[in-house]
Amino acid sequence: MGASALAVALTGAGAAAVPPPAPTQQALADLIASGRQVAGPSGSAGTGSACTSGSGAGSGNGSGDCYGGSGSSSGSSGGTSTDTAGVGPAQTSWLGAFAYGLSNGDVAPPGANDWNCKPTAEHPRPVVLLHGTWMNAYNGFAYMGQPIKDAGYCTFTFNYGRSNIIEGGGLGSFLPGVMGTGYIQDSSKQVAAFVDKVLAATGAGEVDIVAHSQGGTLANWYTKFDGGAEKVKNLVTFGATHHGTSLVGIGALGRMVNNAGIDVLGFVEIFVGHAGIQQTIGSDFVNTLNANGDTVAGVDYTVVGTRYDEVTNPYDLTFLEAGPGATVDNITLQDGCEQDVSDHLTMMYSPRALSIVLRALDPVGSPNLACEFNPWLVGGGGSL
């Protein structure tokens with residue numbers, strides 16, 4: 001949210017107009033590489049204290065100028081996940097949901113966390129909902145939660161990555177409703193434990209995951225490194241930072257400056273938290289996530305991006321390439337529905353996005369896609 005607010009200030013309300021052509025992923029990679037200074041002899045990546053002396057060592061966030069690390073020593077690792085308590089009201093507008101979630105950060109979105117729910121033969125897999133950075137389970141899914149439940153699914157969610165300022169959660173951690181700020185590797189282990197809890201409660205063998213922003217990237221890491229490949233059938237992501245983000249060029253510029261030996265991202269990390277910096281293009285986290293391909297066998301991916309995304313950009317960095325044994329459906333939200341001008345946050349309050357979820361979970365039972373106006377920044381689920 002802090003990153004989004006900065007992007008909104010820079011881009012202004014004009015972002016609702018047709019966006020200018022975005023730089024390609026290769027152009028950004030070339031830009032970053034041009035400022036890169038790799039530690040170690042003969043141009044090879046070093047493994048000495050320049051890369052490992054930071055408190056985040058082991059998570060790709062050493063304090064040196066190594067390529068791929070955040071260049072930060074701010075904060076330590078740590079943080080927790082928490083279950084929800086109570087249920088908040090349904091929302092059609094993202095702004096309304098965000099405001100409610102700030103002061104009620106522990107409530108569940110409507111439709112979620114009925115632990116007596118048992119999957120049916122028609123919908124045998126429970127659905128796990130994962131929120132994004134600086135958000136929480138409620139304001140991530142206050143619009144989608146109940147309709148997914150009403151479609152016949154057992155739905156579950158929780159708050160992950162809950163870190164204080166000492167643990168590297170950034171300044172956002174002072175706000176009661178801000179989650180998803182700790183190291184993504186730590187959050188992945190929290191997801192693993194929660195999925196196991198859901199499987200035990202429902203008796204199911206697999207789950208489907210619907211995730212927003214960092215939640216999608218986090219789920220991607222979980223399937224690759226923390227046992228999720230055997231437990232996830234469908235992974236549906238919205239605006240996920242699968243290949244990092246330039247954040248309107250700010251993240252790419254920061255990475256280039258960092259690789260030149262100036263710890264600018266370390267300073268930014270104090271404000272936005274560990275997870276925010278890990279999601280920038282060229283981070284050690286992003287490089288490791290994609291080192292062996294975008295996907296894992298056995299998982300079916302539906303990956304949704306919006307042309308008006310001011311946080312995950314260029315927005316096509318969210319798209320994945322299918323590897324052996326996986327299927328990928330990359331969807332631009334505006335294809336076939338130009339009046340949906342959802343941005344990074346309001347896409348989770350878009351009727352079209354909701355219909356994409358339902359189709360991904362059950363293509364036969366929910367084959368049709370909605371198309372309604374959903375305004376940039378405000379949201380409204382087709383109505384304000």
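From a predicted model like this one, the values you see are computed outputs, not experimental measurements.
Checked by atom type and distance alone, the side chain of Thr245 pairs as donor or acceptor with a backbone atom of Val311 at under 3.5 Å. Not one N or O on the side chain of Asp340 forms a donor-acceptor pair closer than 3.5 Å with the backbone of Gln334. Checking side-chain atoms of Thr306 against main-chain N and O of Gly239 turns up no donor-acceptor pair under 3.5 Å. No donor-acceptor pair closer than 3.5 Å links the side chain of Gln91 to the backbone N or O of Asn139. Remark: side-chain polar atoms of His243 are paired, donor with acceptor, to backbone N or O of Phe319 under 3.5 angstrom. Formation of a donor-acceptor pair under 3.5 Å by the Asp226 side chain with backbone atoms of Ala192 is not found in this model. Side chain of Thr237 to backbone of Gly216: no donor-acceptor contact under 3.5 angstrom is found. Remark: side-chain polar atoms of Asn313 are not paired, donor with acceptor, to backbone N or O of Tyr315 under 3.5 angstrom. A donor-acceptor pair under 3.5 Å is absent between the side-chain atoms of Tyr222 and the main chain of Val232, judged by distance alone. At least one donor-acceptor pair closer than 3.5 Å links the side chain of Gln278 to the backbone N or O of Ile184.
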Practice prompt. Please test Phe158 against Thr82 for side chain to side chain contact (heavy atoms under 4.5 Å, CB included), starting from the C-alpha separation and ending with a verdict.
Written response: CA-CA 6 Å; Phe158 75 120; Thr82 54; over 6 Å; no
Discussion item. Run the ring-ring contact (aromatic ring centres under 6.0 Å, His included) test on Tyr308 and His344 for me, step by step, so that the C-alpha distance in whole Å, both residues' side-chain angles and the decisive distance to 0.1 Å come before the verdict.
Written reply: CA-CA 7 Å; Tyr308 304 97; His344 184 76; over 10 Å; no
Item to complete: Apply side chain to side chain contact (heavy atoms under 4.5 Å, CB included) to Phe141 and Val210, showing your working.
Response: CA-CA 10 Å; Phe141 292 94; Val210 178; 4.1 Å; yes
Worksheet entry | CA sep, side-chain torsions, deciding dist, call: Trp94, Met347, side chain to side chain contact (heavy atoms under 4.5 Å, CB included) | CA-CA 9 Å; Trp94 174 79; Met347 68 192 306; over 6 Å; no
Practice prompt. Any chance you could lay out the side chain to side chain contact (heavy atoms under 4.5 Å, CB included) test for Leu345 and His212, step after step, and finish with the verdict?
Written response: CA-CA 9 Å; Leu345 299 163; His212 176 228; 4.2 Å; yes
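Residue pairs meeting the salt bridge (Lys or Arg N to Asp or Glu O under 4.0 Å) criterion with at least one member in residues 131-150, sequence neighbours excluded, are Asp114-Lys149. For the disulfide (SG to SG under 2.5 Å) condition, no pair includes a residue of residues 296-325, sequence neighbours left out. Residue pairs that meet the disulfide (SG to SG under 2.5 Å) test with at least one member in residues 301-364, sequence neighbours left out, are Cys337-Cys371. Listed by first and then second residue, the disulfide (SG to SG under 2.5 Å) pairs that reach into residues 283-333 come to none, sequence neighbours excluded.
Using a 4.5 Å heavy-atom threshold, the side chains of Phe156 and Thr202 count as touching. Side-chain atoms of Lys224 and Asn290, non-hydrogen and from C-beta on, do get closer than 4.5 Å to each other. Residues Val296 and Tyr301 meet the side-chain proximity criterion, which asks for heavy atoms closer than 4.5 Å. Asn220 places a side-chain heavy atom less than 4.5 Å from the side chain of Leu289. Side-chain atoms of Leu130 and Ile209, non-hydrogen and from C-beta on, do get closer than 4.5 Å to each other. With contacts defined as side-chain heavy-atom distances shorter than 4.5 Å, the pair Leu199/Lys231 qualifies. Contact annotation: the side chain of Ile277 never approaches that of Ser283 to less than 4.5 Å [non-hydrogen atoms, C-beta and beyond]. Asn330 places a side-chain heavy atom less than 4.5 Å from the side chain of Val328.
Annotation: the span from Ser81 atom OG to Lys189 atom NZ amounts to 13.0 Å, rounded to 0.5 Å. How far CH2 of Trp376 is from CG of Asp343: 6.5 Å, rounded to the nearest 0.5 Å. Atom CD of Gln214 sits about 12.0 Å away from atom CH2 of Trp221, to the nearest 0.5 Å. Note that CG of Asp208 is 12.0 Å distant from OG1 of Thr155, once rounded to the nearest 0.5 Å. The OH atom of Tyr349 sits 10.0 Å away from the CG atom of Leu95 when rounded to the nearest 0.5 Å. Taken to the nearest 0.5 Å, the CZ atom of Phe225 stands 9.0 Å off from the OG atom of Ser188.
Between the side chains of Thr302 and Asp329, no donor N or O sits under 3.5 Å from an acceptor N or O.
With sequence neighbours excluded, no residue satisfies side-chain hydrogen bond (donor to acceptor under 3.5 Å, both in side chains) with Glu206. Take Thr241 and apply the side-chain hydrogen bond (donor to acceptor under 3.5 Å, both in side chains) test, not counting sequence neighbours, and it matches Thr217, Gln279. Checked against side chain to side chain contact (heavy atoms under 4.5 Å, CB included), Pro124 has no partners two or more places apart in sequence or in another chain. For Lys118, there are no side chain to side chain contact (heavy atoms under 4.5 Å, CB included) partners, not counting sequence neighbours. Looking at residues two or more places apart in sequence or on another chain, you find a side chain to side chain contact (heavy atoms under 4.5 Å, CB included) between Glu321 and Asp294.
Each of Asn374, Asp335, Leu333 was scored for a side-chain contact (heavy atoms from CB on, under 4.5 Å) with Arg352, with one residue passing: Leu333.
Heavy-atom minimum distance, Ala240 versus Thr312: O-CG2, 3.6 Å. Residues Gly305 and Thr318 come closest through the heavy atom pair CA-CG2, 4.0 Å. Heavy atoms only, all atoms of each residue included: Ala204 and Pro119 are closest at CB-CG, 4.4 Å.
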Mind listing the side-chain donor-acceptor pairs of residues 100-107 below 3.5 Å, one per line with the distance, residues two or more places apart or on another chain?
from	atom 1	to	atom 2	distance (Å)
Ser103	OG	Tyr100	O	3.4
Asn104	ND2	Tyr100	O	3.0
Asp106	OD1	Arg162	NH1	2.7
Asp106	OD1	Arg162	NH2	3.3

Distance-only donor-acceptor pairs under 3.5 Å for side chains of residues 360-369, two or more places apart:
from	atom 1	to	atom 2	distance (Å)
Asp362	OD1	Val364	N	3.4
Asp362	OD1	Gly365	N	3.0
Asp362	OD2	His123	NE2	3.3

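Trp115 and Tyr138 fall into different hydrophobic clusters, defined by Ile, Leu, Val, Met, Phe, Trp and Tyr side-chain heavy atoms under 4.5 Å apart, directly or through other members. Under the 4.5 Å side-chain contact rule for hydrophobic residues, Met348 and Tyr143 share a cluster. Cluster annotation: Val87 and Tyr153 are assigned to distinct hydrophobic clusters (Ile/Leu/Val/Met/Phe/Trp/Tyr, side-chain heavy-atom contacts under 4.5 Å, transitive).
Aromatic ring centres of Tyr160 and His131: separated by under 6.0 Å.
Under a 4.5 Å side-chain heavy-atom criterion applied to ILVMFWY residues, the cluster that includes Met179 comprises that residue alone.
Atom CD of Glu338 has more than 12 heavy atoms from other residues, nucleotides or ligands within 6.0 Å.
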